[in-house]
Amino acid sequence: MASDIKHARFEGRIVIVGFGSIGQGVLPLLLRHIDVAPAQISILTADESGRDVAEAYGVGFAVTPLRKGNYLSVLDPLLAKGDFLLNVSVDVSSLALVEFCRAKGVLYLDTCIEPWSGQYTDTSRSPSQRSNYALREGAMALKAKHADGPTAILTHGANPGLVSHFVKQALLNIAADTKAAVSKPATREDWARLSARLGVKVVHIAERDTQVSPTPKRIGEFVNTWSVDGFVSEGCQPAELGWGTHERHFPTDGHRHPSGPGCAIYLARPGASTRVRSWTPNEGPYHGFLITHGESISLADYFTVLENGAAQYRPTVHYAYHPCDDAVLSVHEFAGKNWQLQKAKRLMMEEISAGIDELGVLLMGHARGAYWYGSQLSIEEARRLVPHNNATSLQVTVAVLAGVVWAIENPERWIVEPEEMDFERVLEICRPYLGKMVGAYSDWTPLLDRGLLFEEELDESDPWQFRNFRVV
């Protein structure tokens, strides 16, 4: 059992917005590791899911969906200065909640930057306007609008969130293993120059979920190990990736954004129909979905080396996600219906019979080739550690816990992205819940065994070109 150490004391109220798999999974962690009473916590959610869990812990539960027209009147009587709003919902505007929290002096955390319902697939908006890049630009504009405010941590789940801390630890591990004489970087610029010095060209968030259920997916059903609605929403957004300075083949369906730092591009196709080659230690080579995530943009931006305002170094960064096999079948059926969601949805939780979630970061192009660093967490270990979690959700919920603790310890930092937080403090809190932490080198490249059956258009002079990773 992970230690029951109290990482922080909190005397205010905590309002949890949304109570799906992540809300239900994080509640026991908050009560275990933060000195807070159940009476201080209340839940606002869109449906009855999880009421029994809330009641078992003595926590208030109300079915009150937040909408553009009611969120102020609903939240205002529930929160005061020094309280905490934990947003793990979908279809509720993150930035609207952040502005509300700043006005009230309330701490805030979410796991992704969400818009109001319908904006992910609003065809009156351009693909660029429906992107995570645009959502992040909105957040950065709000950050610049005010000089200070209560801490509002954006995008701090497993990914985005925890994986940004994995990247920093992985860079230090590579530096040590290649005998590069470095001290721990102290600034954003120091981190970027370390990555450049090590020669990292590409960073994948490389994840393979092997959890299975004895109940097979049915026709007309979308099955997943975490929020179906969340996965569907991000899968329908354009595929996005941080675009590295080493890249020399711009995708034919690629587009640049018209404003902002220009650290990322998008493809004119949904992420759920875009696949890339990647590698994890347990799975080996695999094809994953290039699903848009905030870390693809924030990591690429954070690790950019600028000289005279121009990017001299930036890695390519993107997600390479192989969900559980039933989710892959669900996406295949979903795409075949022209992105019309199945009528039935099933969250795999107690029914899971075996499997792990292998979640880490794959750094490529340095002197040792490829290095994966991350968590291999089994369903058995997840259940032993915390109730109401599977292997996928626990990697998220413990990162949410760590973010809440960090915000309590650093209450006046205004808008903060994961890369700006103390990675060692976050990993200290998370490690007891991440199963086996693995660092593994590999000689794998996306050129391995290519062109055996058919000729392919490859760049064999540089294996780390995005052209070589993409499955076409």
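Residue numbers count from 1 along this sequence.
- Put simply, the side chain of V26 does not reach to within 4.5 Å of the side chain of V88, judged on heavy atoms.
- A cation-pi arrangement, defined by a distance under 6.0 Å to the six-membered ring centre and an angle within 45 degrees of its axis, is present between R102 and W414.
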Q: Begin from the C-alpha positions of R67 and D91 and carry the test salt bridge (Lys or Arg N to Asp or Glu O under 4.0 Å) through to its verdict.
A: CA-CA 8 Å; R67 301 186 179 92; D91 295 335; over 6 Å; no

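- Between M364 and K201, the closest side-chain pair of non-hydrogen atoms is not below 4.5 Å.
- Inspection of the T292 and N132 side chains reveals an N or O donor paired with an N or O acceptor under 3.5 Å.
- Under the 6.0 Å cut-off for aromatic ring centres, F466 and H318 qualify, their centroids lying closer than that.
- For the pair H156 (side chain) and L109 (backbone), a donor-acceptor distance under 3.5 Å is absent.
- Nearest heavy atoms, I43 versus A54: CD1-CB, 3.8 Å.
- Between the side chain of T274 and the backbone N or O of P270 there is at least one donor-acceptor pair closer than 3.5 Å.
- The backbone N or O of R130 sits less than 3.5 Å from a side-chain atom of Q237, completing a donor-acceptor pair.
- Under 3.5 Å, the side chains of Y120 and D122 contain no donor-acceptor pair of N or O atoms.
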Q. Where do R413 and E420 land on the salt bridge (Lys or Arg N to Asp or Glu O under 4.0 Å) test, with the steps shown first?
A. CA-CA 10 Å; R413 296 286 295 271; E420 300 170 294; over 6 Å; no

Q: With salt bridge (Lys or Arg N to Asp or Glu O under 4.0 Å) as the test, would you mind laying out the steps for R208 and E358 before giving the verdict?
A: CA-CA 5 Å; R208 175 59 164 113; E358 189 176 30; over 6 Å; no

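- Around CD of E409, the count of heavy atoms belonging to other residues, nucleotides or ligands within 6.0 Å exceeds 12.
- Side-chain contact check for T304 and D301: no donor-acceptor pair (N or O, by modelled atom type) lies under 3.5 Å.
- You'll find the ring centres of Y313 and H246 outside the 6.0 Å limit.
- Of the possible donor and acceptor atoms, one in the side chain of N70 sits under 3.5 Å from a partner among the backbone N and O of P65.
- Between L363 and Y373 there is no side-chain heavy-atom pair separated by less than 4.5 Å.
- Judged by distance alone, the side chain of Q395 and the main-chain N or O of A158 form no donor-acceptor pair under 3.5 Å.
- Taking the centre of each ring, F289 and Y321 stay at or above the 6.0 Å mark.
- Looking at every heavy atom in both residues, V416 comes nearest to M421 through CG1-CG, 3.6 Å.
- In this structure, H332 places its NE2 atom where only 12 or fewer heavy-atom neighbours from other residues, nucleotides or ligands lie under 6.0 Å away.
- Side-chain contact between P251 and W243 is present, with heavy atoms from C-beta onward closer than 4.5 Å.
- Annotation: Y433 is in aromatic contact with H33 [ring centroid separation under 6.0 Å].
- Side-chain contact of T225 with N390: a donor-acceptor pair under 3.5 Å is absent, judged by distance alone.
- Atom CD1 in I415 sits 4.0 Å away from atom CG in L142 (nearest 0.5 Å).
- When atom types are taken as modelled, the side chain of R314 and the backbone of V305 share no donor-acceptor pair closer than 3.5 angstrom.
- For the 3.5 Å distance criterion, the side chains of S89 and E114 fail to qualify, holding no donor opposite an acceptor.
- Between the side chain of D83 and the main chain of L79, no donor-acceptor pair closer than 3.5 Å is present.
- No side-chain donor from either of S213 and D326 sits under 3.5 Å from a side-chain acceptor of the other.
- S296 is not listed as a side-chain neighbour of E240, based on a closest heavy-atom distance of 4.5 Å or more.
- Aromatic pair Y71/W116: ring centres closer than 6.0 Å.
- Inter-residue side-chain proximity for M437 and Q376 is flagged as unmet; no heavy-atom pair is nearer than 4.5 Å.
- Within a 6.0 Å radius of CZ in R275, no more than 12 heavy atoms belonging to other residues, nucleotides or ligands are found.
- Rounded to the nearest 0.5 Å, atoms CD1 (I22) and CD (Q24) are 9.5 Å apart.
- In terms of modelled atom types and a separation under 3.5 Å, the side chain of T210 and the main chain of I356 share a donor-acceptor contact.
- For K145, the NZ atom counts as loosely surrounded, since its 6.0 Å shell holds 12 or fewer non-hydrogen atoms of other residues, nucleotides or ligands.
- Under the 3.5 Å distance criterion, the side-chain polar atoms of R136 are left unmatched by any main-chain donor or acceptor of M140.
- Atom CD of E11 sits in a sparse spot, with 12 or fewer heavy atoms from other residues, nucleotides or ligands closer than 6.0 Å.
- There is no side-chain donor-acceptor pair under 3.5 Å between N338 and Q340.
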Q: Evaluate salt bridge (Lys or Arg N to Asp or Glu O under 4.0 Å) for K217 paired with D325, printing each intermediate quantity in order.
A: CA-CA 9 Å; K217 174 193 141 30; D325 291 352; over 6 Å; no

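- Side-chain atoms of E207 and H322 include no donor-acceptor pair closer than 3.5 Å.
- Aromatic rings from H257 and Y266 are positioned such that their centres are separated by under 6.0 Å.
- Side-chain atoms of C101 and L107, non-hydrogen and from C-beta on, never get closer than 4.5 Å to each other.
- W191 and F303 have perpendicular rings, their planes meeting at more than 60° on a 0 to 90° scale where under 30° would count as parallel.
- Annotation: the span from N410 atom CG to D422 atom CG amounts to 8.0 Å, rounded to 0.5 Å.
- The nearest pair of heavy atoms linking G157 to V400 is CA-CG2, 4.4 Å.
- Q211 places a side-chain N or O within donor-acceptor distance of the main-chain N or O of A391, the cut-off being under 3.5 Å.
- Residues N159 and V396 fail the side-chain proximity criterion, which asks for heavy atoms closer than 4.5 Å.
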